[in-house]
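Starting off with a structure, shown below.
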Amino acid sequence: MNILALIPARYASSRYPGKPLADIHGKPMIQHVYERSCSVFGEACYVATDDTRIERAVQSFGGRVVMTSSAHRSGTDRCAEALAIIERQSGQSFDTVVNIQGDEPFIAREQLEQIRRCFDDPQTQIATLVKPFGPDENIFNPNSPKVVLSAAGDALYFSRSAIPFLRGVPQEEWQQRHTYYKHIGLYAYRSDVLRTITRLAPSSLETAESLEQLRWIENGFRIRTAVTTLESHAIDTPEDLQRLLGLFSSEA
């Protein structure tokens with residue numbers, strides 16, 4: 001199976017402009033993500049960006065980079081364009097695309113391996129990771145999407161609300177009575193599925209929750225999940241970066 005690992009990276013960010021180039025232990029953030037991705041996926045790893053500053057930074061450390069449109073609404077859309085460009089330029093074809101968040105410089109190799117293993121099953125169309133909420137985490141935080149799973153491990157629904165609703169149970173007891181899963185924003189797709197889902201019009205559920213994966217479910221695609229016990233560490237603000245630098249004092 002030929003896997004293409006893509007790291008969408010934008011320079012523009014309302015909360016943290018230039019985030020991919022933020023310095024972490026003497027390297028830009030995007031280099032940390034790239035090197036960790038290459039440790040699992042090898043040479044078939046590219047940064048996909050719309051900004052020449054990021055392009056130059058990736059080239060400066062010897063990374064592979066592809067320039068894409070600035071009009072994309074999501075990293076998924078950027079990945080679809082990058083796949084087409086790379087296949088055309090390289091003459092290679094890829095069975096699967098992994099979409100790795102460019103703002104997670106401390107992503108664990110184990111998580112990348114987990115999402116790759118989802119495609120050992122030929123029936124997998126799309127895959128993502130989920131993690132049980134810890135007892136001290138707030139399941140009612142709308143910025144942390146929740147997901148409910150089928151018995152087979154497929155995602156049934158994603159929501160910014162706490163789902164399922166436990167009828168007759170005080171909310172402060174919900175996490176004691178049920179395992180709630182948070183969504184970890186690492187995706188992978190069969191290449192033909194990626195091409196299809198990025199041509200779909202926004203759906204009513206996607207619009208309501210502002211979660212693009214609901215468009216895929218609403219149109220009949222199955223999202224396989226793998227459960228991780230490791231936390232994700234996305235960086236959205238300069239304050240996030242400073243906090244994580246305290247947790248990760250070295251590159252380990």
Side-chain angles (χ1 to χ4, degrees), residues 2-109 111-112 115-116 184-189 191 194-195 197-199 212 232-242 244-245 248 251:
N2 291 333
I3 298 178
L4 176 64
L6 294 173
I7 307 167
R10 295 169 55 249
Y11 190 92
S13 169
S14 59
R15 289 190 287 177
Y16 198 169
K19 178 171 58 174
L21 304 184
D23 182 82
I24 299 176
H25 307 310
K27 299 178 183 178
M29 183 188 301
I30 195 67
Q31 184 173 354
H32 289 270
V33 182
Y34 182 86
E35 290 175 350
R36 287 174 182 244
S37 302
C38 285
S39 73
V40 174
F41 300 108
E43 292 186 359
C45 182
Y46 290 76
V47 173
T49 188
D50 60 358
D51 193 280
T52 56
R53 288 163 290 190
I54 295 175
E55 179 188 35
R56 288 194 298 267
V58 175
Q59 291 172 338
S60 72
F61 63 74
R64 287 168 288 277
V65 60
V66 58
M67 292 295 292
T68 55
S69 168
S70 61
H72 293 305
R73 297 174 300 172
S74 69
T76 302
D77 294 328
R78 194 175 304 281
C79 284
E81 184 191 2
L83 169 65
I85 293 171
I86 293 165
E87 286 192 326
R88 183 173 65 250
Q89 291 179 346
S90 69
Q92 289 182 273
S93 62
F94 295 92
D95 307 302
T96 302
V97 173
V98 181
N99 176 355
I100 301 162
Q101 300 295 319
D103 60 2
E104 292 206 16
F106 305 109
I107 190 169
R109 179 187 178 108
Q111 292 177 317
L112 297 174
I115 203 160
R116 179 170 70 175
I184 303 296
L186 175 66
Y187 288 114
Y189 336 76
S191 295
L194 174 61
R195 295 184 186 99
I197 62 177
T198 51
R199 291 195 295 264
E212 67 171 335
S232 64
H233 298 285
I235 295 173
D236 294 319
T237 66
E239 292 74 24
D240 289 340
L241 176 57
Q242 292 308 309
L244 289 172
L245 288 176
F248 297 90
E251 295 184 44

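Atom set for the values below is all heavy atoms of this structure, side chains included, hydrogens, waters and symmetry mates excluded.
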Check whether any side-chain heavy atom of His72 lies under 4.5 Å from a side-chain heavy atom of Arg10, and answer yes or no.
->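 No, too far: nothing below the 4.5 Å cut-off.
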First locate atom OG of Ser93, then atom CG of Asn2, and finally report the distance between them rounded to the nearest 0.5 Å.
->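 It comes to 6.0 Å.
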So, do Leu21 and Met29 sit near enough that their side-chain heavy atoms are less than 4.5 Å apart?
->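 With C-beta onward as the side chain, the pair stays apart.
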Should Met67 and Thr49 count as side-chain neighbours, where that means a heavy-atom distance under 4.5 Å?
->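 Of all side-chain heavy-atom pairs linking Thr49 with Met67, at least one is under 4.5 Å.
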Show the numbers, then the answer: is there a side-chain contact (heavy atoms from CB on, under 4.5 Å) between Tyr46 and Ile86?
-> CA-CA 9 Å; Tyr46 290 76; Ile86 293 165; 3.6 Å; yes
State which residues pass salt bridge (Lys or Arg N to Asp or Glu O under 4.0 Å) with Arg56; sequence neighbours excluded, sorted by chain then number.
->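 Not a single residue meets the salt bridge (Lys or Arg N to Asp or Glu O under 4.0 Å) criterion with Arg56.
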Taking C-beta and beyond as the side chain, do Pro8 and Asn99 meet within less than 4.5 Å on heavy atoms?
->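 With C-beta onward as the side chain, the pair touches.
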Verdict with supporting geometry, Ser232 and Glu104, side-chain contact (heavy atoms from CB on, under 4.5 Å) | CA-CA 7 Å; Ser232 64; Glu104 292 206 16; 3.6 Å; yes
Which distance, rounded to the nearest 0.5 Å, do you find between the OG of Ser191 and the CD1 of Ile3?
->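 Rounded to the nearest 0.5 Å, the OG-CD1 separation comes out at 10.0 Å.
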Hey, could you give me the CD/OG distance between Glu35 and Ser37, rounded to the nearest 0.5 Å?
->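 Glu35 atom CD to Ser37 atom OG measures 10.0 Å (nearest 0.5 Å).
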Does a side-chain heavy-atom distance below 4.5 Å link Thr96 with Tyr189?
->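 Of all side-chain heavy-atom pairs linking Tyr189 with Thr96, none is under 4.5 Å.
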Distance, nearest 0.5 Å, that separates OH of Tyr187 from CD1 of Ile197 =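 The OH atom of Tyr187 sits 9.0 Å away from the CD1 atom of Ile197.
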Residues two or more places apart in sequence or in another chain: which of them pass salt bridge (Lys or Arg N to Asp or Glu O under 4.0 Å) with Arg195?
->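 Arg195 satisfies salt bridge (Lys or Arg N to Asp or Glu O under 4.0 Å) with Glu87 once adjacent residues are dropped.
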Of all the heavy-atom pairs spanning Val66 and Ala82, show the shortest one and how long it is.
->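 Here Val66 and Ala82 meet closest at CG1-CB, 3.8 Å.
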For the residue pair His32 and His25, does the interplanar ring angle fall in the parallel (under 30°), tilted (30 to 60°) or perpendicular (over 60°) class?
->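 The rings of His32 and His25 stand perpendicular, inter-plane angle above 60°.
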Could you give me the CA-CA distance, side-chain angles and deciding distance for Ser69 and Glu81, then say whether side-chain hydrogen bond (donor to acceptor under 3.5 Å, both in side chains) is met?
-> CA-CA 8 Å; Ser69 168; Glu81 184 191 2; 4.9 Å; no
Stepwise ring pair (Phe, Tyr, Trp, His ring centres under 6.0 Å) test for Tyr34 and Phe61 = CA-CA 10 Å; Tyr34 182 86; Phe61 63 74; 5.5 Å; yes
Between Ile54 and Val65, is a side-chain contact (heavy atoms from CB on, under 4.5 Å) present by the stated rule, with each step listed?
-> CA-CA 9 Å; Ile54 295 175; Val65 60; 5.5 Å; no
Is there a side-chain contact between Leu4 and Asp95, using heavy atoms and a 4.5 Å cut-off?
->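 Result no, sub-4.5 Å side-chain heavy-atom pair not found.
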Side chain Gln101, main chain Gly185, donor-acceptor under 3.5 Å =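 It does hold such a pair.
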What pairs of residues pass the salt bridge (charged side-chain N to carboxylate O under 4.0 Å, His left out) test when at least one of them lies in residues 60-76, not counting sequence neighbours?
->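 For residues 60-76, and leaving out neighbouring residues, the salt bridge (charged side-chain N to carboxylate O under 4.0 Å, His left out) pairs sorted by first residue read Arg73-Asp77.
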How many angstroms lie between atom CD of Glu55 and atom OG1 of Thr68, to the nearest 0.5 angstrom?
->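 OG1 of Thr68 is found 10.5 Å from CD of Glu55.
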Answer yes or no: is there a side-chain heavy-atom contact under 4.5 Å between Val98 and Phe41?
->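 Result yes, sub-4.5 Å side-chain heavy-atom pair found.
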Compare all side-chain heavy atoms of Cys45 with those of Ile7 and state whether any distance is below 4.5 angstrom.
->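 The answer is yes; the side chains approach within 4.5 Å.
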Straight-line distance of Gln111 CD to Ile107 CD1, nearest 0.5 Å =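 The CD atom of Gln111 sits 5.5 Å away from the CD1 atom of Ile107.
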